[in-house]
2 protein chains.
Amino acid sequence: MVRKTKEDAELTRQRIIDAARTVFLTRGVSRSTLEHIATEAEVTRGAVYWHFKNKTEIFYALRDRAFLPLIDRMYDTLAIQTDDIDPLTQIENSLSDTINELNENIEMRQIYEIMMIKCEYVDEFATVLQQILNNCSDITEKIQLAYERAQAQNLLTTILTPHALALDTHLFFSGLLHMWVKDADGSRFRHQAKQLIQSHINLRRK
Amino acid sequence: MVRKTKEDAELTRQRIIDAARTVFLTRGVSRSTLEHIATEAEVTRGAVYWHFKNKTEIFYALRDRAFLPLIDRMYDTLAIQTDDIDPLTQIENSLSDTINELNENIEMRQIYEIMMIKCEYVDEFATVLQQILNNCSDITEKIQLAYERAQAQNLLTTILTPHALALDTHLFFSGLLHMWVKDADGSRFRHQAKQLIQSHINLRRK
DNA sequence: TTGTTTACATACATTCTTGTTTGTATATAA
DNA sequence: TTATATACAAACAAGAATGTATGTAAACAA
């Protein structure tokens with residue numbers, strides 16, 4: 001029995017992406033073969049080649065499915081201008097939300113782990129680096145806007161500019177994400193991630 | 001002409017490690033073959049196999065040659081108790097020193113880049129992750145000690161504990177290193193790394 | 001109902017890569 | 001001076017992985 005309906009086909013496509021996630025996570029992207037992925041998805045390489053040109057295309061499909069949404073989400077929560085919450089708490093919530101999502105969403109967490117420590121950024125993958133840098137710039141800008149609002153409301157310690165504060169926060173959060181991912185057993189960073197974020201923000205409060 | 005002197009042999013060993021650095025950097029660790037490395041070192045695979053068991057051993061040799069010394073160095077500068085410089089400036093200098101070293105030492109910089117974005121941490125390489133986490137703990141501790149001295153000298157904003165400050169600083173610096181490495185053209189982070197460090201520290205000053 | 005396309009499975013050819021084995025010239029120790 | 005170990009080079013064998021080509025049964029359109 002071959003030739004499924006369109007819905008069936010889309011389902012196998014998704015199963016291949018899911019399989020790739022599992023395989024990438026345990027073997028790393030470069031050591032994962034299409035045979036590994038096919039077996040994990042309980043299909044043959046024929047099916048994989050039908051849906052994807054090659055491993056790189058699967059990688060990008062996997063990335064787009066979770067990595068981009070998370071960035072968008074963070075981007076959105078930062079951009080929302082709700083006047084009932086003070087800007088500093090908004091930043092704190094935005095960062096905490098991201099950590100929350102990583103905690104609760106296994107798929108998200110695994111994809112992050114793959115992108116951070118199970119992938120070599122060379123050749124076809126090198127473009128991702130530029131994308132990451134661009135996303136970082138966007139997010140830093142959003143954080144800066146929030147800090148500017150905080151400054152306008154006289155909530156900030158006046159030592160640094162909103163721009164400098166935003167860069168510092170962004171670097172802090174980048175570091176936290178990296179450590180969060182590496183700290184697989186959760187003993188060092190994962191269990192106290194929210195406290196770290198809170199401390200970081202409190203340091204800026206007047 | 002084969003059979004060199006011991007000095008010659010050690011020289012080829014070093015040239016193989018150097019070659020590996022170049023090849024790892026451009027092709028990523030997993031896509032680098034021993035043939036690539038041998039060619040770059042202007043020897044044959046025979047020489048490579050004579051000096052190293054396999055690629056993994058070259059990887060660790062490369063890592064030990066620069067990665068560990070840099071950590072040790074940072075560790076040392078933090079541990080030195082010079083009373084003529086205030087503890088906060090000591091932390092600042094220690095972080096700046098590390099950035100300096102990365103700026104000036106090509107080998108160091110390239111090895112960092114390999115370890116951060118040209119290597120997949122699975123199987124034989126997974127142990128490195130644990131080492132990184134351990135080193136981070138050590139460095140955070142040293143930073144904390146410096147903050148405690150700063151607190152004793154009443155230099156700190158009293159909002160956070162030295163422990164919380166140390167964690168925040170460490171995460172900031174981790175983020176900075178990652179961004180520093182990714183920012184290959186230097187336009188976003190490399191050119192202003194020292195300012196970022198200075199701002200980060202100034203935020204803690206009373 | 002039949003022809004065509006879809007959604008795969010299977011088979012094949014080729015290239016890469018690895019580890020090992022064998023060969024060899026020469027430094028070095030005895 | 002000679003034997004032996006060293007520091008490689010070269011050749012070999014085997015397995016993996018990739019991409020492509022071919023086969024095929026069922027869905028769907030006409």
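As the structure is a prediction and not an experimental result, all values here were calculated from the model. Every chain is numbered from 1 and lettered A, B, ... according to where its sequence line falls, protein lines coming before strand lines.
- Nearest nucleotide to the side chain of A:Trp50, out of D:dA7, C:dC8, D:dA27: C:dC8.
- Each of B:Ala47 and A:Tyr49 has a nearest nucleotide on DNA chain D; the 5'-most of these lies closest to B:Ala47.
- A:Glu92 pairs by the side chain to side chain donor-acceptor pair (under 3.5 Å) definition with nothing, not counting sequence neighbours.
- Looking at the side chain of A:Lys6, the nearest of the listed nucleotides C:dA27, C:dA7, C:dC8 is C:dA7.
- To the nearest 0.5 angstrom, B:Glu120 atom CD is 8.0 Å from A:Arg31 atom CZ.
- Residue B:Ala9 places its side chain closer to D:dA7 than to any other of D:dA27, C:dC8, D:dA7.
- For B:Arg188, the side chain to side chain donor-acceptor pair (under 3.5 Å) partners are A:Asn134, A:Ser137, not counting sequence neighbours.
- In this view, B:Thr44 satisfies the side chain to side chain donor-acceptor pair (under 3.5 Å) rule with no residue, not counting sequence neighbours.
- Judged as a side chain to side chain donor-acceptor pair (under 3.5 Å), and not counting sequence neighbours, A:Arg13 has no contacts.
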Protein-nucleic acid N or O pairs under 3.5 Å, nucleotides 12-17 of chain D:
none

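- Residues passing the side chain to side chain contact (heavy atoms under 4.5 Å, CB included) test with B:Ala9 are B:His51, sequence neighbours excluded.
- Across C:dA27, D:dC8, D:dT18, the shortest atom-to-atom separation from the side chain of A:Lys55 is found for D:dT18.
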